[in-house]
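Written below as structure tokens is the structure these notes are about.
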Amino acid sequence: MLFEKIFPLKLYKSSLIVTAFVSFCFFLWVWYPGVIHNDATAQYLQALDQASVSDWHPPIMVRAWQVEMAIFRTPDLFFILPILAFTVGLVLLLWDISALFSLVLFLFLFFSPFYFLSLPELLKDNILIGFIFLFSGVFVHFSSEELYSSRYWFLFIFELILLFLMTALRFNAVFFTAPLLFLLLGKWRFSIQVLLSLLGIVLAAVLLTPVLNHKLLKASSDNPVMSLEIFDIAGSNHFKKDALDSKIVLKNWERYEIPDQLAACYLRHSWDSLGNWTTPELHKPIEVMGENHAWVNLSDPKNKFHPRKHCSDLGERLRLSPEETSPLWRETLKQYPLAYLAHRIAFFTNGTLGIGTFGEGEPWHLEFHPEIAGYHYFDGHTEKLRSSWIINSYFFLEKILRWMPWWNGYFWFLLCPFLFVWTRQSKDAQKKELLFANCFLFAAFCYLAGYFFIGVGADFRYIVPTGALTICALIFLYRFYFVRFVERAIPLSVSGEP
């Protein structure tokens with residue numbers, strides 16, 4: 001074996017397995033049974049049959065959680081899924097690259113705040129991270145199998161299942177799973193024909209998703225696409241030339257039409273000002289703050305008039321009335337195309353790419369809500385996490401490292417196309433590992449760029465799948481150039497030449 005000259009392969013693999021197992025157990029010891037908040041709150045209630053299953057969040061996650069509870073009689077173990085997939089995938093990616101640096105790379109990625117603080121949270125985005133690494137690791141070994149052998153078909157079907165699950169986990173995940181499907185089929189290349197085929201797959205996924213969610217997974221419709229239409233109507237009217245002053249509209253609410261009301265409620269980084277963020281457990285809307293200072297100032301609890309309630313009530317009414325909202329959306333885009341473009345640019349640069357850091361105060365990872373859902377039977381879980389010196393050390397480290405570029409959406413948005421062009425123009429572009437990296441980088445960029453058209457919210461977790469795809473691509477490059485280094489170095493050492 002080529003790498004035996006660098007690091008005995010048996011010793012390396014044993015060391016990698018032990019390192020991965022100890023790291024995995026340490027993760028469980030620190031975080032068990034995970035953290036529930038944000039989207040996972042509603043999904044947890046649905047999994048417990050305390051709320052009806054809807055398509056506002058991916059119902060496949062709820063059904064999978066229910067399967068886990070049916071097998072193990074507890075919801076606690078579901079949080080193991082993303083970290084298990086991540087660990088196995090990372091081990092497979094580094095399995096045959098026998099070098100001390102590979103072990104260091106495993107530890108660096110596993111214990112980086114980028115993943116160690118993200119993966120405990122039961123969010124669809126974090127499950128995507130795990131599945132991306134698992135797909136990448138399995139694909140390395142699938143690509144080396146004899147064509148049409150039994151192992152080839154087993155791994156092929158396994159990868160297809162992973163692609164299906166990732167596509168079902170996020171409405172926009174098809175932006176990166178479609179290129180990965182072409183890679184799996186051995187058809188990946190950057191060409192007009194492939195791009196048109198990818199567009200066809202995206203459109204097919206859009207049409208088939210309601211069938212999956214409503215017919216097969218038996219979820220009710222919550223009209224999630226209405227959030228995009230409402231946000232676009234509000235943003236387009238906000239940026240039109242004759243837009244009214246928000247404060248005037250908010251003070252004289254009933255005098256104005258819906259488009260002007262929506263524009264007055266508009267926040268460029270998120271549609272949350274128009275969302276009805278109320279849970280039965282809280283009995284109050286969750287506060288949303290943003291750059292629309294007129295809207296925020298008028299929401300002072302001392303005021304008798306609360307425009308925040310008017311905004312959320314209007315958004316909820318339009319969400320439940322697609323027959324009213326969709327025609328208004330189409331008419332708005334037709335009437336104000338430039339204003340719509342300005343709105344999408346403002347959202348993408350401020351909301352998606354501009355998320356930057358976690359903002360002031362505590363990082364968003366620490367925003368536990370013990371009073372809502374959560375593991376209500378796990379007494380003291382939140383207090384345990386808050387008092388953990390390990391977790392607090394990570395938060396301290398994270399605050400120190402906030403200036404690092406990987407927290408910023410612009411970093412990934414610029415890195416992906418640069419590396420994509422580089423791998424495409426390389427004289428070794430058709431080499432297996434570089435071809436894999438090229439596809440992953442294209443998929444990473446498509447996923448992030450897709451938020452320009454369909455994004456409605458701002459959160460760091462929205463860019464982490466792009467980060468995962470890019471890091472997997474970098475590991476592919478590491479694999480390729482490490483092999484080249486060994487091939488060139490070993491003959492020199494054997495011959496005794498300097």
Side-chain angles (χ1 to χ4, degrees), residues 1 3-4 6-35 64-65 67-68 71-123 126-142 144 151 154-155 158-159 161-162 165 365 375 378 381 384-385 388-391 393-394 397 464 467-468 471-472 474-476 478-479 482:
M1 181 67 184
F3 300 142
E4 291 283 350
I6 304 297
F7 195 149
L9 194 59
K10 289 185 179 179
L11 175 61
Y12 167 74
K13 289 184 175 180
S14 300
S15 302
L16 182 60
I17 290 174
V18 171
T19 301
F21 180 75
V22 172
S23 301
F24 178 76
C25 292
F26 178 78
F27 182 94
L28 298 186
W29 176 71
V30 171
W31 287 108
Y32 180 86
V35 178
W65 209 337
V67 170
E68 182 271 321
I71 296 173
F72 298 104
R73 305 298 179 184
T74 174
D76 292 8
L77 300 181
F78 194 65
F79 103 105
I80 296 176
L81 178 62
I83 186 59
L84 179 62
F86 173 77
T87 305
V88 173
L90 193 52
V91 167
L92 291 175
L93 278 169
L94 302 173
W95 183 244
D96 53 358
I97 308 297
S98 51
L100 181 61
F101 180 77
S102 298
L103 293 176
V104 174
L105 181 60
F106 177 92
L107 291 170
F108 175 78
L109 290 175
F110 190 96
F111 289 101
S112 67
F114 201 76
Y115 292 122
F116 195 81
L117 292 180
S118 295
L119 292 174
E121 297 179 277
L122 284 166
L123 296 170
N126 295 336
I127 297 177
L128 276 181
I129 293 173
F131 282 177
I132 287 169
F133 274 89
L134 183 58
F135 178 90
S136 306
V138 172
F139 184 77
V140 166
H141 299 273
F142 163 78
S144 301
R151 282 174 56 86
F154 174 78
L155 295 178
F158 181 82
E159 294 286 74
I161 293 173
L162 278 180
L165 292 174
H365 299 94
Y375 292 111
F378 197 90
H381 175 55
K384 168 200 153 186
L385 296 181
S388 168
W389 69 268
I390 298 173
I391 295 175
S393 298
Y394 261 95
L397 176 64
V464 291
I471 289 172
C472 288
L474 291 172
I475 295 177
F476 288 140
Y478 163 61
R479 292 175 58 87
F482 180 79

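Predicted, not measured: the structure shown is a model, and the values here were computed from it.
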Solution key, residues 103-113 side-chain donor-acceptor pairs under 3.5 Å, sequence neighbours excluded:
from: S112; atom 1: OG; to: L109; atom 2: O; distance (Å): 2.9

What do you reckon, are the aromatic ring centroids of F482 and F101 less than 6.0 Å apart?
no
Show the numbers, then the answer: is there a side-chain contact (heavy atoms from CB on, under 4.5 Å) between I80 and L28?
CA-CA 8 Å; I80 296 176; L28 298 186; 4.0 Å; yes
Plane angle bin for Y115 and F86 - parallel if under 30°, tilted between 30 and 60°, otherwise perpendicular:
tilted
Counting distance only, does the side-chain N/O of S136 pair as donor-acceptor with the main-chain N or O of I132 below 3.5 Å?
yes
Do the side chains of W31 and L117 get nearer than 4.5 Å, heavy atoms only?
yes
In this structure, CD1 of I390 is separated from CH2 of W29 (nearest 0.5 Å) by 4.0 Å
Do the side chains of E68 and T74 get nearer than 4.5 Å, heavy atoms only?
yes
So which atom in W65 and which in P75 form the shortest heavy-atom distance, rounded to 0.1 Å?
NE1-O, 3.3 Å
Hey, does F133 have a side-chain heavy atom less than 4.5 Å from the side chain of V91?
no
Measuring only between side-chain heavy atoms, which start at C-beta, is V35 closer than 4.5 Å to F79?
no
Does any non-hydrogen side-chain atom of I127 lie less than 4.5 Å from one of L165?
no
Let me have the donor-acceptor pairs involving side chains of residues 18-27, under 3.5 Å, with sequence neighbours excluded, atom names and distances please.
from: T19; atom 1: OG1; to: S15; atom 2: O; distance (Å): 2.7
from: S23; atom 1: OG; to: T19; atom 2: O; distance (Å): 2.7

Could you walk me through whether Y32 and L77 satisfy the side-chain contact (heavy atoms from CB on, under 4.5 Å) test, starting with their C-alpha distance in whole Å, then the side-chain angles of each, then the deciding distance to 0.1 Å, before giving a yes or no?
CA-CA 8 Å; Y32 180 86; L77 300 181; 4.2 Å; yes
Residue pair F114 / I129, side-chain heavy-atom distance below 4.5 Å
no
How far apart are the C-alpha atoms of I391 and F116, what are their side-chain angles, what is the distance that settles it, and do they pass the side-chain contact (heavy atoms from CB on, under 4.5 Å) test?
CA-CA 9 Å; I391 295 175; F116 195 81; 5.7 Å; no
Minimum side-chain heavy-atom gap L81-F131 below 4.5 Å
yes
For the residue pair F142 and F139, categorise the inter-ring angle as parallel (less than 30°), tilted (30 to 60°) or perpendicular (more than 60°).
tilted
Least distance between heavy atoms, E121 atom then N126 atom
O-ND2, 3.0 Å
Should L93 and C472 count as side-chain neighbours, where that means a heavy-atom distance under 4.5 Å?
yes
Hey, does the side chain of D76 reach the backbone of P33 with a donor-acceptor pair shorter than 3.5 angstrom?
no
Smallest heavy-atom separation, L92 atom then R479 atom, equals O-NH1, 4.5 Å
